[in-house]
Colleague: 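Okay, here's the structure, questions in a sec.
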2 protein chains.
Amino acid sequence: MTAAAPAPRGRAASRGRIDKRQAILDAAFTVFANRGYAGACMEEIAEVAGVAKHTVYNHLGDKESLFHAAMEAAGSAVMAENLALAEQLTVDQSAVASTAGGQADPVRTRLEDVGRLLLHQCCDPRSWALRRLLHAEITRFPDLLEAVWGRGADRLRQTLADRMARLSLAGLLRPCDPVEAAEQFLALLTGPMEARSQLGTRPVPDAERELVAHAAVSTFLRAYRDAAPGASPSPSSLPATA
Amino acid sequence: MTAAAPAPRGRAASRGRIDKRQAILDAAFTVFANRGYAGACMEEIAEVAGVAKHTVYNHLGDKESLFHAAMEAAGSAVMAENLALAEQLTVDQSAVASTAGGQADPVRTRLEDVGRLLLHQCCDPRSWALRRLLHAEITRFPDLLEAVWGRGADRLRQTLADRMARLSLAGLLRPCDPVEAAEQFLALLTGPMEARSQLGTRPVPDAERELVAHAAVSTFLRAYRDAAPGASPSPSSLPATA
DNA sequence: GCGAATTTGCACTCGTCAGTGCAGATTAGA
DNA sequence: TCTAATCTGCACTGACGAGTGCAAATTCGC
């Protein structure tokens, strides 16, 4: 994951000690998440990692480097999971054809599956901690954006846009800007979670996430598939209920 | 705004000195936003406020109280602006009737206006700083949620839901859950801004906000007005373009 | 087991910062 | 003008934490 450690010194150092480096990175992320950058102290990080303070300095230099490395590692981990999910968003043509006249709806099902899974990861305490730290320190460490997001949320958006383009081209969605579709799909999914989870401080029950995913997909499909292509902007075309 | 100061001591104190209190709160918010809670120092706050360190302690007690007060003040200010905006979301019936068969679309226009303005505020540096600080310190100061959000984003959502209910009842939107509609409208608007403004560190040009607002309203209306009410989940009802 | 690198515990320096105390300047109100 | 409150500048304490140095213990590769 964290692409080959910079090999602290001479030839040795890439021994069975790599797990110690990882333990330090994990501990660092935990402590930074709990206390914030300025509030975290190196001693506690060492303690949580089960390691002497000196060892932390030996492996990862000063506090700032440690922070950077810990954030990058956490970001890479989250990114890998998310990306794997987004790539699942494919609807094989056979499934579409075989249910052409039936009641099944493979596109909807697939979107809901992916949405559900994305929300699950997005609500993971680790994800929230990462997001919070990013928000917290972004003004003091602008490089974090590239290091954490450039390898995470950004590529997720791209991958998702690719899938949208495929769906649109296959006629499963109306013709649209796939980037915009991906952006709005993600917005519909994750937007509501911020308030519902109270910035990640409240655990959101599975059922509630399910609900949000369902609502997001419904709205998305209404807009990107079911809507009349040239829907008249005039209110005279309303169903005029009640 | 910040409901009558607690009147530090005896009878006096509510003199022309209230502006000094406000200056301290403003300075505190600025410094906290720049340095984070742990990284901010009282001396700098006093300096920015143009006041002696002692005066800060006299007016607002210790660092924690000051932080709480500054966040609450900033939250109230942002809330007032947002709420005033959401309440603008009304479409008077005469406008609807007079353009019944024409090309104007009062609902879309109104939604876009409100969306544009909401985005404008949402991208304000002050708003971003507040959000960032909230994310940053929420685990250490859980009360902030109630103090800042309970009086802000939460009421915005409520107000917006009220407007949605009106629109739906008036037949200008399809029958729907107004709370969900408000939630998704906000998500479509503000969701994309997080990435586009890079967590508030990049100033988003007016034109880009305009674009996002337009796209959000288009998708929202497609889903909440133009979509066929009982849109079949079967892919056989597709327009099958291209 | 041997030697080299690593790890550990401890003590130490240095800087920062919250919060307080005090004496003198300033200001508001009567 | 007089009085009482407030504001200011300055010095000070006490706590905390980053980063370093060193000698002894440990561990790894061979």
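Throughout, protein chains are lettered first and strands after them, A, B, ... in sequence-line order, and every chain is numbered starting at 1.
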Colleague: Kindly write out the residues that satisfy ring-ring contact (aromatic ring centres under 6.0 Å, His included) with B:H135, not counting sequence neighbours, or none if the list is empty.
Modeller: A:H135

Colleague: Could you check how far CG of B:N58 sits from P of C:dG19, rounded to whole Å?
Modeller: 13 Å

Colleague: Could I get the full list of salt bridge (Lys or Arg N to Asp or Glu O under 4.0 Å) partners for B:D113, not counting sequence neighbours?
Modeller: B:R110, B:R116

Colleague: Parallel under 30°, tilted from 30 to 60°, perpendicular over 60°: which one fits the rings of B:F67 and B:F141?
Modeller: tilted

Colleague: Tell me the interatomic distance from A:E64, atom CD, to D:dG19, atom C1', rounded to whole angstroms.
Modeller: 14 Å

Colleague: D:dT8, OP1 or OP2 - any side-chain N/O from B:T55 closer than 4.0 Å?
Modeller: yes

Colleague: Could you check whether B:D162 and B:Q158, counting side-chain N and O atoms only, form a donor-acceptor pair closer than 3.5 Å?
Modeller: no

Colleague: Considering residues at least two apart in sequence or located in another chain, which fulfil the ring-ring contact (aromatic ring centres under 6.0 Å, His included) criterion with B:F29?
Modeller: none

Colleague: Please list all pairs passing the side chain to side chain donor-acceptor pair (under 3.5 Å) test where one or both residues lie in residues 41-57 of chain B, with sequence neighbours left out.
Modeller: B:R35-B:E44

Colleague: Take atom NZ of A:K63 and atom P of C:dT16, then tell me their distance rounded to the nearest Å.
Modeller: 14 Å

Colleague: Expected output is a numbered-order residue list: members of residues 26-37 of chain A with a heavy atom under 4.0 Å from any atom of DNA chain C. What is it?
Modeller: none

Colleague: What's the verdict on side-chain contact (heavy atoms from CB on, under 4.5 Å) for A:V204 and A:M193, showing C-alpha distance, side-chain angles and the deciding distance?
Modeller: CA-CA 8 Å; A:V204 179; A:M193 300 318 291; 3.8 Å; yes

Colleague: Check salt bridge (Lys or Arg N to Asp or Glu O under 4.0 Å) between B:E81 and all other residues, then give those that pass, not counting sequence neighbours.
Modeller: none

Colleague: Please work out which residues in residues 40-48 of chain A have a non-hydrogen atom less than 4.0 Å from an atom of DNA chain D and list them by number.
Modeller: A:A40, A:C41, A:M42

Colleague: Counting heavy atoms from C-beta on, name the nucleotide in D:dC7, D:dG19, C:dT8 closest to the side chain of A:D62.
Modeller: D:dG19

Colleague: Taking only residues two or more places apart in sequence or in another chain, which ones pass side-chain contact (heavy atoms from CB on, under 4.5 Å) with B:A38?
Modeller: A:A38

Colleague: Check the distance between D:dA5's P and B:K20's NZ and give it to me in whole angstrom.
Modeller: 18 Å

Colleague: For B:L118 and B:L156, run side-chain contact (heavy atoms from CB on, under 4.5 Å): C-alpha distance rounded to whole Å, both residues' side-chain angles, the deciding distance at 0.1 Å, then the answer.
Modeller: CA-CA 10 Å; B:L118 276 176; B:L156 172 63; 4.3 Å; yes

Colleague: Show me, pair by pair, the donor-acceptor contacts under 3.5 angstrom made by side chains of residues 177-190 of chain A, not counting sequence neighbours?
Modeller:
from, atom 1, to, atom 2, distance (Å)
A:D177, OD1, A:V179, N, 3.0
A:E183, OE1, B:R196, NH2, 3.1
A:E183, OE2, B:R196, NE, 2.7
A:E183, OE2, B:R196, NH2, 3.3
A:Q184, OE1, A:Y224, OH, 2.7
A:Q184, OE1, B:T219, OG1, 2.4
A:Q184, NE2, B:A215, O, 3.2
A:Q184, NE2, B:T219, OG1, 3.4
A:T190, OG1, A:L186, O, 2.8

Colleague: Does a salt bridge link A:R202 with A:E208, judged by any charged N lying under 4.0 Å from a carboxylate O?
Modeller: yes

Colleague: Can you tell me how far P of C:dT6 sits from CZ of A:R21, to the nearest Å?
Modeller: 14 Å

Colleague: Please give the angle, rounded to 10 degrees, between the axes at the start and the end of the helix from C:dG1-D:dC30 to C:dA30-D:dT1, where five pairs define each axis.
Modeller: 50°

Colleague: List every contact pair, protein side and nucleotides 20-25 of chain D side both N or O, where the distance is under 3.5 Å.
Modeller:
from, atom 1, to, atom 2, distance (Å)
D:dG21, N7, A:H54, NE2, 3.1
D:dG21, O6, A:H54, NE2, 3.2
D:dC22, N4, A:H54, NE2, 3.0

Colleague: Sort and list the pairs that fulfil side chain to side chain donor-acceptor pair (under 3.5 Å) and have at least one residue in residues 119-128 of chain B, not counting sequence neighbours.
Modeller: B:H120-B:R209

